[in-house]
Every structure is written in structure tokens, then in C-alpha cells.
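Below is one structure; the comments refer to it alone.
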Amino acid sequence: MGRPDPEEGQLPAPVKPPDGGWGWIVLLGCFVITGFSYAFPKAVSVYFKELMKDFHVGYSDTAWISSIMLAMLYGTGPVCSIMVNQFGCRPVMLIGGLLASAGMILASFTTNIIELYLTAGVLTGLGMALNFQPSLIMLGTYFDKRRPLANGLAAAGSPVFLSSLSPLGQVLLEKFGWRGGFLIMGGLLLNCCTCGAVMRPLDMGMKRKMGKAQDKYEAKEMLPIGGKSEEGITTTDGTKKGKKAKKKPKKGKKLLDFSIFSNRGFIIYTISKFILVLGLFVPPILLVNYAKDTGVPDTEAAFLLSIIGFIDIFARPACGMVAGLKWVRPHVAYLFSFSMLFNGLTDICSARASNYTGLVIFCVFFGISYGMVGALQFEVLMAIVGSQKFSSAIGLVLLIEAFAVLIGPPSAGRLVDALKNYEVIFYLAGSEVVLSALFLGVASYCCLNRGKKEPPPENNPPAVGGSDTEEAESDVQEAEEHSSDNHQPAHSTDNAVVVANEEANHVAEEQRGEGGGCPAGDGEVLARDGCNADQMVERDSF
């Protein structure tokens, strides 16, 4: 009974996303996880001066703590994908929350900078990675039609938490010192376990509802209601035995699906994302020092980042709403390309800003474009590969982005030290972002046109911007029409997932009234087609 085990090369049968209900709780959990994952490595920087005094190290030594966190967040993507495919999202997130919390708690007892690297850097970074990726996977399984909006709302957690964790860290530092602050921060990270606990697998509710329907249906099947029914039961038993015989040689499930590299859309997305990350994070990292060098006071220079964060909070949900419009969603890849082009041109146009007013204008436009990129990046990836392969795709993409993160900002810092000129850095970073936008837009256009001329095979991933449930909905309609035409129940409990809940009682009444035989008036059709369970259309996609 139940769903057949997935064979090698096949994915588990998808369940239709509810686009609401418990999905809003999942969205809230994803909002919190995204906030901790992106904001925590930056918020820890408020403790760096105290760490420099206690451990007698330089700023670059303490800055490695945040760098290691980000490297673990991006570089452990394939490991997270393997664990999610093997154990599921909820257990992985619970373990990740415990690791993230334990890392900060242990860091409060460290006596040298190396121990901080291993605890706050490696352990906490790994824990946040084990939370971040599964939360995005769960968000994609609970939302389809409203997925752009859900991604935008979840991405808003990053600026919200950044604007709250940094002041909180400063207060904790003043009252309890850096050790007490780390200890309390470790306690806050236990909320990741709470977020992981609400990530209920989508098919659990389906199994509970259908279990009762299947039990009632099987009980009615076992009643002696006529010769032809008994023949149907016998045929069903034979069918079950045949299926069990076929299912004996179970094959292992793929832990990391490399077949996504055969998807041209995924290749284009990965290359453009690598080029994008080379320059995307450079301007906000160098902005404060750039402002100070132009004569802006320290407090006003630090306020520039707050402007970006405030604009970012509203830009991400707004962009998610726009991306969810019917006439925009099929072209979401081009909207993503436009957002990157907008961001790159903002960097280039503001390279010569020489006063505070010009820098404020730059921060406003950069916050809008940066929020658009943050809201669309994972939505585009989900649209390209589909929710079933998203767990493997995001792990591989994050691993490739990790190299770009380790190359981009450090290289920009070295160029600043060598050239003593921020203008060149802004030009270079903006050019990289513009190049990624042009590559994504042009390459996607060429591939889409080619795909229209040459229809892809059936097993190919869905086109960019397509809905994951359109094919599933058509299958449901076909199954309902077929069952109503034949007036005959499905004796195979493997197919009861589609029709058991609605058809079981109706069929039992017809069988009692007509003696268990085939309905009158359809004799010729049923005599030709047979009156058994083999006529029920298989719906393995459910």
C-alpha cells in the first residue's frame, strides 16, 4: 500500500503545494533562519575591538571569524544537500540549530583566536548552513503560485535582523562583555531549533487523511458482494503481487543529483551567479571607508549602511509581489537580469560621488536593486530546476558561490591598498554585475527560443517561470473524468491517493444496488475494456 518506492534516477512523487495554511508558519520560520544566516556574521563584528584587546590580535585576524562563517554557509552546500536528501529537512535543521548555538556558547569560554575560529567560525557557520538551505527547500515545497511573494518575504529577514542584531550586540557588549554577549547570542540561536520543528513534511497530512479513507475502502472491498467483485479483488491481489515482485530489487536514492548540469538553464544561472557574487558584495563592504575618505564624519558614514538596510526591507517583499504577477512570472529570469543590471549601473554611476548627498542617493538606489536581487535569486533557481531537484541545485550553486565570495571582496581590498582609489573598485564591481546581467538575459533568451523550436523530452526540467502544479492539476482532472465515466472503483490501493477519499462511499452504494457487477448501459464498453483495477490511470506524480 501507499506510494511506490522511488527507483534510481526517479524522484519521490510530489505533493501539490497548498500555497498557504501551514505554509505561512513555514514562511515565518524561513524568515527567521534567513535573518540569522545573513545578518549574524555581520552583527558579530561589533565585538571585534574587544577581541583585539583581549587576544592582542589585529583587525584582519578577527575579521576571519565572519569570513569563516560565510565560507561555511556557502561552501557546505553539497553536504547540506546530501543530508537533506538522506534524512529530510526537519532533522537536519534541528541538528543545525544545536550546532549553531553550541558554537557561540563554546566561543564564550575560548582563550585564543584559533579557538574562536573553530567554535564561532566553523561550528556556528556549519549550524547556520544546515538551517538555511533546508528552510529554502521547505519554502519551495509549500508554495508554488505564491512562491515569488514567499521568497521576497523570507528574504526580508536579512535586513530586518541586521538592523536589530547589531544594536542588540552593542548593548550586550556594554553590559555583559563579549563573553556574556556570545553566551546570550548562543541562546538566541536556539530559536533555529524552533524554526526547524515547524518544518513539517508536506505529505504527512496527506498520509493521515488518506490512511483512514484507505482503511474504509479496503474493508468494503473485503465484503462478499458478488462474483465479478471477487474477480476484481483477485485481479487486484495479482496486481499487488506483481508490483511487489517488481519492487524487490530496491535501488539506492541519489544523495546529490548531478543530472541538473544537463539543464542549460541551470548552467546559465550558475555562471551568471558566480560573476555576480564577484562584485555584488564589494560596494557595501567598502562604503563606510569610502565615505570617511571623502570627509564624511564617522557617525554619518555608518548611517549609510542603515539607509541601505531600511530600503532593502521594503524592496524585497515588493519585488516578490511584482514577480508573482501573471504577466511577469513567466519572464522572472529577465526581471532578475534587470535587477542585476540596475545594481551594476548604480555602482558605476556613483563611483564619482564626492559628497554625502551623492552617497545617500547611491544608498537608496543600491538598497532597491540589492533587495530585488535578494528576492529573486532563489525564485529563479526554483523555476529553472523545479522543487524536486532544488535541494541538489542550491547546494551546488552555493558551493560555486563560495569561491566567488573568497575571491571578490579580498581582491577588492588588495586593489584599494595598492591603488589608494575607491573609484576604480566601484567601476570594476559594477562592470562585473552588469556582465552577469547581460550574460543571463542574452543566454536565457537564446535558450528559450531554441527550446520553442525544438521541444525538449518529457523528462526535461520545466521551463523558466513555469508552475510546478499545472501538470499535476491536469492529471487530477483526467483521473476524475475517467473514474466518473467507468463508475468503477480503483481496487489498487496504490491509486487510492487520488480517488479514495471522494469515490469510496459512492462506489460501494452502486455495487450494493447493482449486485456488484458492471453498471447497466455500459455493457459493451466494459466488456471490451474489462471491469478491473487495471483500467484506472496511474498517477504516480501524486
Side-chain angles (χ1 to χ4, degrees), residues 33-81 83 92-93 95-134 158 161-162 165-166 169 173 178-179 181-186 188-189 192 274 277-278 280-282 284-286 394-414:
I33 295 297
T34 303
F36 274 124
S37 300
Y38 280 119
F40 200 84
K42 303 172 185 176
V44 172
S45 61
V46 301
Y47 299 100
F48 284 174
K49 287 187 177 180
E50 293 298 323
L51 295 175
M52 293 166 60
K53 293 179 182 178
D54 286 5
F55 295 143
H56 306 289
V57 295
Y59 180 81
S60 60
D61 297 321
T62 56
W64 270 103
I65 299 174
S66 297
S67 299
I68 293 174
M69 283 186 182
L70 290 174
M72 295 299 294
L73 180 64
Y74 284 95
T76 57
V79 177
C80 297
S81 296
M83 294 184 67
V92 173
M93 292 184 68
I95 294 174
L98 293 175
L99 289 178
S101 177
M104 292 304 296
I105 293 173
L106 292 175
S108 64
F109 299 99
T110 55
T111 57
N112 57 66
I113 194 69
I114 301 299
E115 293 177 354
L116 269 178
Y117 293 160
L118 297 176
T119 53
V122 175
L123 199 59
T124 299
L126 177 60
M128 288 190 296
L130 294 178
N131 275 273
F132 176 63
Q133 187 172 323
S158 176
F161 272 65
L162 181 60
L165 285 179
S166 296
L173 179 62
W178 70 267
R179 294 185 183 273
F182 275 22
L183 189 64
I184 295 174
M185 286 287 195
L188 289 177
L189 285 174
C192 295
F274 178 84
V277 174
L278 287 175
L280 180 65
F281 301 121
V282 172
I285 291 176
L286 301 179
I394 189 176
L396 296 171
V397 167
L398 290 178
L399 176 62
I400 295 172
E401 286 184 19
F403 293 101
V405 169
L406 296 176
I407 293 173
S411 300
R414 291 183 180 181

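Note that the numbering runs from 1 along the sequence shown for the chain. All values derive from a computational prediction rather than experimental measurement.
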List for me each residue that meets side chain to side chain contact (heavy atoms under 4.5 Å, CB included) alongside [X], sequence neighbours excluded, and say none if there are none.
| X | value |
| --- | --- |
| N112 | I114, E115 |
| A129 | L73, T76, C80 |
| F403 | F274, L399 |
| T119 | L106, A107, T110, L116 |

Working to the nearest 0.5 Å, report the span between [atom1] of [X] and [atom2] of [Y].
| X | Y | atom1 | atom2 | answer |
| --- | --- | --- | --- | --- |
| L188 | L183 | CG | CG | 10.5 Å |
| F40 | L162 | CZ | CG | 12.5 Å |
| I184 | L173 | CD1 | CG | 11.0 Å |
| T124 | I68 | OG1 | CD1 | 11.0 Å |
| M128 | L189 | CE | CG | 7.0 Å |
| M69 | L123 | CE | CG | 10.0 Å |

Report the residues that fulfil ring pair (Phe, Tyr, Trp, His ring centres under 6.0 Å) with [X], sequence neighbours left out, ordered by chain and then residue number.
| X | result |
| --- | --- |
| Y47 | F182 |
| F281 | none |
| F132 | Y38, F378 |

Name all pairs fulfilling the salt bridge (Lys or Arg N to Asp or Glu O under 4.0 Å) condition that reach into residues 394-409, sequence neighbours left out, sorted by first residue then second.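 Every pair satisfying salt bridge (Lys or Arg N to Asp or Glu O under 4.0 Å) with a residue in residues 394-409: K273-E401.
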How would you list all residue pairs meeting salt bridge (Lys or Arg N to Asp or Glu O under 4.0 Å) that involve residues 118-127, not counting sequence neighbours?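 For residues 118-127: none.
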Mind listing the closest non-hydrogen atom pair of [X] and [Y] along with its distance?
| X | Y | result |
| --- | --- | --- |
| P41 | S37 | CD-O, 3.3 Å |
| P134 | V92 | CG-CG1, 4.0 Å |
| I65 | A120 | CG2-CB, 4.2 Å |
| W178 | S108 | CZ3-CA, 4.5 Å |
| G77 | L398 | CA-CB, 4.5 Å |

Would you say the side-chain atoms of [X] pair up with the backbone N or O of [Y], donor to acceptor, closer than 3.5 Å?
| X | Y | value |
| --- | --- | --- |
| T62 | F48 | no |
| S66 | K42 | no |
| S101 | G186 | yes |

Does a side-chain heavy-atom distance below 4.5 Å link [X] with [Y]?
| X | Y | answer |
| --- | --- | --- |
| V57 | L51 | no |
| I33 | M93 | yes |
| L165 | F36 | yes |

side-chain hydrogen bond (donor to acceptor under 3.5 Å, both in side chains) partners of S81, counting only residues at least two apart: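 S81 satisfies side-chain hydrogen bond (donor to acceptor under 3.5 Å, both in side chains) with Q133 once adjacent residues are dropped.
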